[in-house]
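Below you'll find the structure, written out as structure tokens, and then a few comments.
Both backbone and side-chain heavy atoms feed into the values below; hydrogens, waters and symmetry mates do not. The residues of the chain are indexed from 1 along the displayed sequence.
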Amino acid sequence: MHERIPLAFLLAMNQDLVPGCDLAIEVCYLPLLEVFEAHPGIKWNLEVSGTLLDWAAWHQPRFVDAIARMHASGQLELVASTFSRNILYCSQPDAVADSIRFHKDLLASCFGAVPRGFLNPGKVWSHEYIPQIAAAGLDWTYVDERVLRASGVRDKLFCARRGAADGAEVIMLTDSLSFTSGMQDAIEHFSVTRYEAVVQYLAELQRGSPDGVFTYCEHAETSGLWQYLEKNGDPHNVIRHWDRFLGQLERDERIETVCVSSRVAGTRIHERLETSVDGEPEWIAEVFSIPGTRWNEGGFRDWFDFAENSAEMRYFREFYAELSGRIATVSATLATTRLPAPLRLTCERLVEDARFGLILHQYELGFSEQDVRGFSRRELARVMSVRLALVDAILADRTGFSISDVNDDGISEILWLDSSNFFVFSKLGGRLLYWIDLASGRELIGCEHVSHYEELFRDDNHAVPEVGLGDGLWTNLEGLQRDSTYTGRYRLRRRGLYDTITVRVDGADSGVTVTLAQHEMPFALKQERIEFHFESEGLALLKVFAIREDGLDVFWHVALPGDDSADIRIESETAFSPQHEDVLRLGKRRDWYACGDSSVSTPMFEVGIRFPGAGQVVKNEQPFAVGFTASFSGKTEDVFTAECSLYKKRTGKTEPPAGE
């Protein structure tokens with residue numbers, strides 16, 4: 001009998017946290033996992049982005065568990081990429097190294113996986129990638145067929161090649177758009193006749209490349225999500241056809257499905273390539289010829305012309321390079337400064353968090369509609385400056401109050417540092433933007449790391465309104481049936497003490513409502529105390545923060561001008577955002593994170609808020625932040641006073657548990 005034809009399935013699942021993951025998992029990712037698991041004789045390969053795993057670890061454990069089972073059984077090989085699917089060419093080398101490292105670490109913690117292969121984001125290729133991929137400890141990657149042909153490859157197209165550059169080597173395998181498209185068509189419109197046509201095509205390819213590896217390399221979205229969004233097919237039918245195709249394949253003794261690394265380990269290398277051309281895949285090249293796109297209107301020849309010469313891409317390269325440089329500078333200073341061991345560990349964590357935030361905000365950088373300045377998904381990487389500024393202050397032993405633009409958004413904030421806490425207050429509404437615990441180096445209030453795709457960046461001080469279905473989160477789903485897809489709402493970057501004051505003077509038909517976050521408030525600093533003042537729209541307010549070692553006491557004093565009496569209502573919202581990595585990756589499914597009526601607990605600490613005298617407290621639990629809104633009501637003829645306390649207390653270890 002002739003040697004069986006090796007066929008590799010390599011699917012990529014890459015949606016981002018907001019708003020893509022929830023819909024993609026239910027419409028196509030989870031059904032695809034389940035259909036492959038139903039055919040255990042089919043070996044296959046999967047690249048799943050860090051952003052997707054972050055969401056799923058919290059909100060869709062079935063997705064993570066299905067991957068874990070197939071990986072443990074040997075049916076599935078996991079493949080590395082950059083954490084947020086940023087194209088390597090667009091990022092600094094140190095950011096690329098961090099991005100691959102964070103992705104590999106996440107695969108290890110979730111699945112115990114040690115990936116050997118690298119799926120190149122965007123399939124944009126440059127020979128200079130080879131040292132970066134090899135330095136990450138990875139052995140092989142895929143290169144687009146048209147790039148290989150343009151590089152002089154003439155025969156045995158599907159055989160393995162060894163790419164070499166700067167003393168590093170990586171095995172280069174062939175990603176063929178024509179083969180993948182043919183496979184996709186046979187799956188989406190399954191029939192036995194179409195299946196046999198694919199087998200015959202594979203046999204022809206094997207005759208031309210006897211030692212080849214033939215790969216269906218495709219975004220998983222083509223098997224359900226795109227049909228759903230574009231209303232050009234039924235995702236359920238696509239999954240049913242996958243089931244029939246895999247069933248036929250499982251019984252076919254002419255073909256052997258393979259995990260790529262095991263196949264590559266026993267494959268003869270056809271040739272060595274010292275050089276190869278830069279190139280983009282055909283589907284990207286086609287975009288530059290479509291009238292009306294920003295790429296076409298810019299007059300760019302190709303993707304590389306765009307990446308090099310677009311003003312927007314230059315802006316982001318320089319912006320991210322500057323932040324990357326700041327991380328390197330702070331890290332170098334930390335390495336040469338004497339510190340007590342616990343404080344050094346805190347600083348190292350803060351720098352590592354800044355590295356993570358830098359790469360997380362580069363989701364699909366290089367080919368995304370959000371590669372335009374002003375979108376929060378790109379711009380919010382600048383808030384990693386908060387962590388770097390804290391390390392700088394610790395190294396300089398700079399305690400007490402200070403004023404600076406700590407989050408690099410063009411607005412100065414009020415900072416407080418002591419031996420236990422770092423607070424960042426905003427003059428807009430007298431809000432608490434950041435609270436970082438110095439003993440653990442973990443964030444208690446602050447940036448949730450993620451944002452709505454289409455949210456425009458203003459700055460880090462103005463509060464962001466609630467978004468959800470019907471008001472911007474899924475603008476392209478008008479009129480589409482949503483089945484059981486998650487329809488949660490997100491409150492982003494409200495932070496701490498977001499206040500609304502309503503005053504109805506006796507005898508008036510209606511009241512006046514003031515949202516303090518819309519107003520810049522004068523302030524006074526007094527030792528361990530801040531006093532914010534507001535006087536307008538028929539009321540005068542004094543909002544006071546008194547700093548304690550374990551938190552803050554907050555007081556509101558509302559007075560009316562003249563002799564009027566009135567009904568007063570204060571609503572104050574505080575959103576705790578325990579460390580992104582801890583909550584999303586070690587959250588509900590491991591009983592690591594618990595949310596009470598007004599507190600959040602982890603093995604390290606409890607952080608919460610007390611509302612003495614509050615009439616009502618409402619909890620709003622989300623993956624990225626847990627909000628508590630308290631209402632204080634009363635009547636005043638002089639001054640109405642309300643108060644609350646933010647607190648933290650140790651509950652045990654200062655270390656988060658390992659990702660067991």
Side-chain angles (χ1 to χ4, degrees), residues 6 8 10 12 45-47 77-83 85-105 107-108 113-176 179 205 208-215 217 258-281 304 307 359 366:
L10 176 50
N45 307 266
L46 174 66
E47 183 270 319
E77 175 181 353
L78 287 161
V79 178
S81 188
T82 50
F83 190 95
R85 295 287 295 171
N86 55 299
I87 295 179
L88 275 64
Y89 195 86
C90 298
S91 299
Q92 295 291 107
D94 52 352
V96 169
D98 283 337
S99 191
I100 299 173
R101 173 172 63 88
F102 281 121
H103 190 230
K104 289 181 62 182
D105 288 349
L107 295 178
V114 182
R116 305 307 311 167
F118 179 78
L119 188 58
N120 182 25
K123 301 184 180 180
V124 172
W125 175 256
S126 177
H127 206 75
E128 67 186 42
Y129 292 176
I130 290 174
Q132 294 174 295
I133 298 170
L138 300 167
D139 301 329
W140 57 263
T141 190
Y142 275 87
V143 180
D144 191 82
E145 174 182 349
R146 68 199 302 265
V147 174
L148 291 172
R149 291 189 184 277
S151 301
V153 172
R154 295 289 178 263
D155 63 343
K156 296 188 177 180
L157 182 65
F158 289 88
C159 290
R161 288 163 173 82
R162 193 176 301 281
D166 298 334
E169 295 185 349
V170 169
I171 294 173
M172 300 163 64
L173 303 173
T174 303
D175 179 12
S176 171
F179 175 63
L205 295 179
S209 302
D211 299 308
V213 179
F214 311 101
T215 305
C217 182
V258 298
C259 293
V260 176
S261 292
S262 59
R263 178 69 187 186
V264 167
T267 297
R268 185 159 55 92
I269 304 301
H270 176 61
E271 63 181 331
R272 180 184 179 90
L273 293 181
E274 299 285 351
T275 61
S276 60
V277 301
D278 290 351
E280 76 271 30
F304 288 90
I359 63 98

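In this structure, a donor-acceptor pair under 3.5 Å is absent between the side chains of Asp175 and Thr215. When only modelled atom types and interatomic distance are considered, Asp211 and Thr267 share no side-chain donor-acceptor pair under 3.5 Å.
Between Ser209 and Cys159, the shortest heavy-atom contact is CB-SG, 3.9 Å. Between Pro93 and Gln132, the shortest heavy-atom distance links the atoms CA-NE2, 3.7 Å. Smallest separation of non-hydrogen atoms from Ala12 and Leu119: CB-CD2, 3.8 Å. The heavy-atom pair separating Met172 from Gly163 by the smallest distance is SD-CA, 3.4 Å. In terms of heavy atoms, Pro281 sits closest to Arg146 at C-CD, 3.8 Å. Considering all non-hydrogen atoms of both residues, Ala134 and Glu169 come closest at CB-O, 3.8 Å.
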Please determine whether side chain to side chain contact (heavy atoms under 4.5 Å, CB included) holds for the pair Val258 and Phe214, giving the CA-CA distance in whole Å, both sets of side-chain angles, and the decisive distance to 0.1 Å.
CA-CA 10 Å; Val258 298; Phe214 311 101; over 6 Å; no

Could you check Val213 against Phe158 for side chain to side chain contact (heavy atoms under 4.5 Å, CB included), going step by step and ending with a plain yes or no?
CA-CA 6 Å; Val213 179; Phe158 289 88; over 6 Å; no

Which is it for Val260 and Glu77 under the side chain to side chain contact (heavy atoms under 4.5 Å, CB included) test, yes or no, and what are the steps along the way?
CA-CA 8 Å; Val260 176; Glu77 175 181 353; 4.1 Å; yes

Under the side chain to side chain contact (heavy atoms under 4.5 Å, CB included) criterion, do Phe102 and Ile359 qualify, and how do the steps go?
CA-CA 9 Å; Phe102 281 121; Ile359 63 98; 3.9 Å; yes

Walk me through whether Ser126 and Asp278 qualify under side chain to side chain donor-acceptor pair (under 3.5 Å).
CA-CA 5 Å; Ser126 177; Asp278 290 351; 2.9 Å; yes

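Using a 4.5 Å heavy-atom threshold, the side chains of Leu88 and Pro121 count as touching. Put simply, the side chain of Val79 does not reach to within 4.5 Å of the side chain of Leu46, judged on heavy atoms. Counting only heavy atoms from C-beta outward, the side chains of Leu173 and Val143 never approach each other to under 4.5 Å. The shortest side-chain heavy-atom distance between Leu138 and Ile100 falls under the 4.5 Å cut-off.
For the pair Ser276 (side chain) and Ser151 (backbone), a donor-acceptor distance under 3.5 Å is absent. The backbone N or O of Cys259 sits less than 3.5 Å from a side-chain atom of Ser262, completing a donor-acceptor pair. In this structure a side-chain-to-backbone donor-acceptor pair under 3.5 Å is missing from Ser91 to Ala95. Side chain of Thr174 to main chain of Leu157: a donor-acceptor pair is present (N/O by atom type, distance under 3.5 Å, no hydrogens or angles).
Salt-bridge annotation for Asp139 and Arg116: present, with a side-chain N of the basic residue lying under 4.0 Å from a carboxylate O of the acidic one. Salt bridge status for Glu274 with Arg162: absent, with no side-chain N to carboxylate O gap under 4.0 Å.
Exactly one residue among Asn45, Asp144, Leu10 makes a side chain to side chain contact (heavy atoms under 4.5 Å, CB included) with Cys217. That residue is Leu10. Of the options Val96, Val170, Val124, a side chain to side chain contact (heavy atoms under 4.5 Å, CB included) to Tyr129 is made by Val124 and by none of the others.
Within 6.0 Å of the CG atom in Asp166, the count of heavy atoms belonging to other residues, nucleotides or ligands does not exceed 12.
Relative ring orientation between Phe83 and His103 is described as perpendicular, the plane-to-plane angle rising above 60° on a 0-90° scale split at 30° and 60°.
By the ring pair (Phe, Tyr, Trp, His ring centres under 6.0 Å) test, Tyr89 is found to be paired with Trp303, Phe304, residues two or more places apart in sequence or in another chain being considered.
Residue pairs meeting the side-chain hydrogen bond (donor to acceptor under 3.5 Å, both in side chains) criterion with at least one member in residues 152-161, sequence neighbours excluded, are Arg161-Glu271.
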